[in-house]
Amino acid sequence: MKKTFYVLAICICLIAFQTSADAIPVTSGLIAYWAGNGNTDDSSVNNNNGTLIGGTNYAPGVIGEAFSFDGSNDQVQVADNPLWTFGGDFTIN
């Protein structure tokens, strides 16, 4: 079963500032992290890579590139994983 993520909500995780050399990396403790920099690779250690669906593309972001959705059936789809223990199908908007 495939799970669908609307990555707009993931942007909250992308805004992180580190002020010292020993700061915890933004991917620490996350089950998935899609930066959107020209690919749908998961930058966390869990390797939950995705696939662009519909008209989803890339556009300039605040830092590097971002996912670009035109509002018509766009999504980033990732495979089911035991890490997604939310009690059934879900969508993140």
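Keep in mind that the numbers below use all heavy atoms, side chains included, and drop hydrogens, waters and symmetry copies.
Scanning for side chain to side chain donor-acceptor pair (under 3.5 Å) contacts around D41 gives an empty result, with sequence neighbours left out. Under the side-chain contact (heavy atoms from CB on, under 4.5 Å) criterion, L52 pairs with T40, T56, Y58, F67, V76, sequence neighbours left out. Taking the side chain to side chain donor-acceptor pair (under 3.5 Å) definition, one finds that D70 meets it with nothing, sequence neighbours left out. Listed by chain and residue number, nothing satisfies the side-chain contact (heavy atoms from CB on, under 4.5 Å) test with N57 (two or more places apart in sequence, or in another chain).
N81 and N48 share a donor-acceptor pair across their side chains, judged by distance under 3.5 Å alone.
Between the N37 side chain and the E65 main chain, a donor and an acceptor come within less than 3.5 Å of each other.
Under the 4.5 Å side-chain criterion, counting only non-hydrogen atoms from C-beta, I53 is not in contact with D74.
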Checklist entry - So N49 and V78, side chain to side chain contact (heavy atoms under 4.5 Å, CB included) or not? Walk me through it. => result CA-CA 6 Å; N49 297 335; V78 296; over 6 Å; no
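Of all heavy-atom pairs between S44 and A32, the closest is OG-CA, 3.6 Å.
Atom OH in Y33 sits 6.5 Å away from atom OG in S43 (nearest 0.5 Å).
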